[in-house]
Amino acid sequence: MPKTLIVLLGPTGVGKTDLSIRIAQHFDTVITSSDSRQVYKEMRIGTAVPEPEQLSQVKHHFIHSHSIHDYFSSFECEKETLALLQNLFVEKNQVLMVGGSMMYIDAVCNGIDDIPTIDPQLRKELLEKYEQEGIESIRMQLKLLDPVFYNEVDLKNAKRVLHAVEVCLMAGKPYSSLRKNTAKKRDFNIVKIGLNRDREELYNRINLRVDQMVEEGLVEEARGLFEYRHLNSMNTVGYKELFEHFEGKISLEKAIELIKRNSRRYAKRQLSWFRRDDGINWFHPEQEEEILQLLTEKCSGN
RNA sequence: GGUACCAUAGCUCAGUUGGUAGAGCAAUGGACUGAAAAUCCAUGUGUCCCUGGUUCGAUUCCAGGUGGUACCA
């Protein structure tokens with residue numbers, strides 16, 4: 001029996017969680033998450049983690065497994081998920097990965113290039129230089145360190161330019177020389193199921209879900225995390241807008257409106273990324289039978 | 001029922017002294033390789049309410065109609 005990683009993906013709010021429980025139960029297996037925010041245990045309401053009941057029905061990995069104070073990136077996701085899968089595949093023939101974080105999914109399925117982890121101090125210093133001297137100064141530095149990447153990178157995207165410089169300084173060689181751009185081989189099969197709905201329907205669900213989050217106490221949860229607002233992990237839709245409100249910059253109503261809008265835009269970006277991947281089998285979340293049928297076929301090795 | 005005002009993009013509105021129109025917000029498309037729920041780029045989508053009149057030409061002026069708002073009954 002071949003080992004298969006079933007990947008359930010789709011935009012935020014489309015209905016992945018509910019279906020994931022039933023798929024996992026159908027294959028008598030566990031779930032590993034590829035969600036860049038549900039890993040953090042300090043956030044619950046705004047990240048829409050599965051309900052306690054759902055968590056008790058199926059074993060979940062990488063849900064509330066880390067702290068917002070930890071460094072966690074797509075590399076950690078790849079490394080830790082692969083280690084986990086190695087153990088799980090001893091017993092299980094199928095494992096279900098659920099989540100919408102595009103780069104995390106990609107890291108697990110295809111791997112990412114080996115580059116050094118950036119020293120926080122270096123990152124801080126570069127950021128200060130950027131703030132004091134502007135983007136042009138960072139661009140010139142990149143041009144010297146890595147002219148190849150300088151010609152490829154989106155020079156208007158400061159984050160990308162900064163990161164490239166960081167990597168060059170950290171590695172002692174050009175970032176472009178570390179970029180292999182090849183997918184790593186995995187010793188298990190991968191079947192991707194993409195969930196999608198009519199755009200209007202998706203947006204209505206997103207808007208409604210935000211209202212429900214507020215009713216459940218999102219504002220209070222965010223207030224409790226306000227002091228950590230400068231952490232990268234807190235640069236998260238549903239929290240950053242409320243932080244603005246706590247700082248007196250916008251009204252609560254405006255913050256909620258922005259949470260809805262930013263969630264919609266996030267969903268759009270996810271779809272834009274997923275569209276490029278022609279290995280995804282797309283379904284409406286209600287096509288449960290069809291999904292299970294396809295998975296059964298694929299998992300039996302045909 | 002009468003009078004006044006209004007009717008332009010998904011929404012709120014601007015504008016054209018008559019030459020078929022533009023802002024904000026919303027939206028749409030795209031990029032993406034260790035911060036990714038991050039970050040960045042691009043894009044105006046329109047029976048200018050309807051019918052007729054004047055005019056070379058009407059979204060603009062005139063008349064009627066329809067719908068809305070306010071006030072008066």
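Labels below follow one simple rule: chain letters A, B, ... track the order of the sequence lines, proteins then strands, and each chain is numbered from 1. Quick caveat, the model's predicted, so the values are computed rather than measured.
Residue A/K173 qualifies as open at atom NZ: its count of foreign heavy atoms under 6.0 Å is 12 or below. Under a cut-off of 6.0 angstrom, the local environment of CG in A/D114 is sparse, with at most 12 non-hydrogen atoms contributed by other residues, nucleotides or ligands. Heavy atoms from other residues, nucleotides or ligands lying under 6.0 Å from CD of A/Q86 number 12 at most.
Summarising the geometry, the separation between OH on A/Y266 and C1' on B/A36 is reported as 8 Å, rounded to the nearest angstrom.
Listed by residue number, A/K240, A/R261 are the residues of residues 240-261 of chain A with a heavy-atom contact under 4.0 Å to RNA chain B. Applying a 4.0 Å cut-off to non-hydrogen atoms, the residues of residues 172-180 of chain A that approach RNA chain B are A/Y175, A/R179, listed by residue number.
Each of A/Q270 and A/D106 lies near RNA chain B, and the nucleotide nearest A/D106 is the one positioned closer to the 5' end. Looking at which nucleotide of RNA chain B each of A/M102 and A/V167 is closest to, the 5′-most match is held by A/V167.
RNA chain B contains the following stems of three or more consecutive Watson-Crick or G-U pairs, with both distances under 3.5 Å: B:1-7 with B:66-72, B:10-13 with B:22-25, B:27-31 with B:39-43, B:49-53 with B:61-65.
Taking 4.5 Å as the limit, some side-chain heavy atom of A/L195 sits within range of a side-chain heavy atom of A/I291. Considering only heavy atoms from C-beta on, A/V148 stays 4.5 Å or farther from A/P174 through its side chain. You'll find the side chain of A/L142 stays beyond 4.5 Å of the side chain of A/Y175, heavy atoms only. Between A/I63 and A/V39, the closest side-chain pair of non-hydrogen atoms is not below 4.5 Å.
Taking atom C1' on both nucleotides, B/G52 is separated from B/U59 by 16 Å, rounded to a whole Å. The gap from the C1' atom of B/A7 to that of B/U12 amounts to 14 Å, rounded to the nearest Å. Atom P of B/G30 sits at a distance of 34 Å from the matching atom of B/C49, rounded to the whole Å. Only the C1' atoms considered, B/G67 is 11 Å distant from B/C50, to the nearest whole Å. Here, B/G65 and B/G24 have their C1' atoms 34 Å apart, quoted to the whole Å. A gap of 10 Å separates the C1' atoms of B/G57 and B/U20, to the nearest Å. Annotation: B/A26 and B/G19 have their C1' atoms spaced 32 Å apart (nearest Å).
Phosphate contact (OP1/OP2 of B/A26, side-chain N/O of A/R264, threshold under 4.0 Å): absent. A sub-4.0 Å separation between OP1 or OP2 of B/A36 and a side-chain N or O of A/N235 is absent.
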Could you tabulate the donor-acceptor pairs under 3.5 Å formed by side-chain atoms of residues 119-126 of chain A, not counting sequence neighbours?
from: A/D119; atom 1: OD2; to: A/L122; atom 2: N; distance (Å): 3.4
from: A/Q121; atom 1: NE2; to: A/E125; atom 2: OE2; distance (Å): 3.2
from: A/R123; atom 1: NE; to: A/E166; atom 2: OE2; distance (Å): 2.8
from: A/R123; atom 1: NH2; to: A/E166; atom 2: OE1; distance (Å): 3.0

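Taking the six-membered ring where the residue is Trp, the centroids of A/Y40 and A/H66 are separated by 6.0 Å or more.
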Pairs under 3.5 angstrom, nitrogen or oxygen only, protein versus nucleotides 29-31 of chain B, please.
from: B/G29; atom 1: OP1; to: A/R199; atom 2: NH2; distance (Å): 3.4
from: B/G29; atom 1: OP2; to: A/R199; atom 2: NH1; distance (Å): 3.2
from: B/G29; atom 1: N7; to: A/K268; atom 2: NZ; distance (Å): 3.0
from: B/G30; atom 1: OP1; to: A/R275; atom 2: NH1; distance (Å): 3.0
from: B/G30; atom 1: OP2; to: A/R275; atom 2: NH1; distance (Å): 2.2

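Counting only residues at least two apart or in different chains, side-chain hydrogen bond (donor to acceptor under 3.5 Å, both in side chains) contacts with residues 246-256 of chain A comprise A/R229-A/E247, A/E247-A/K249.
A salt bridge links A/E78 to A/R186: at least one charged side-chain nitrogen sits closer than 4.0 Å to a carboxylate oxygen.
In terms of heavy atoms, A/L9 sits closest to A/K16 at C-CD, 3.7 Å.
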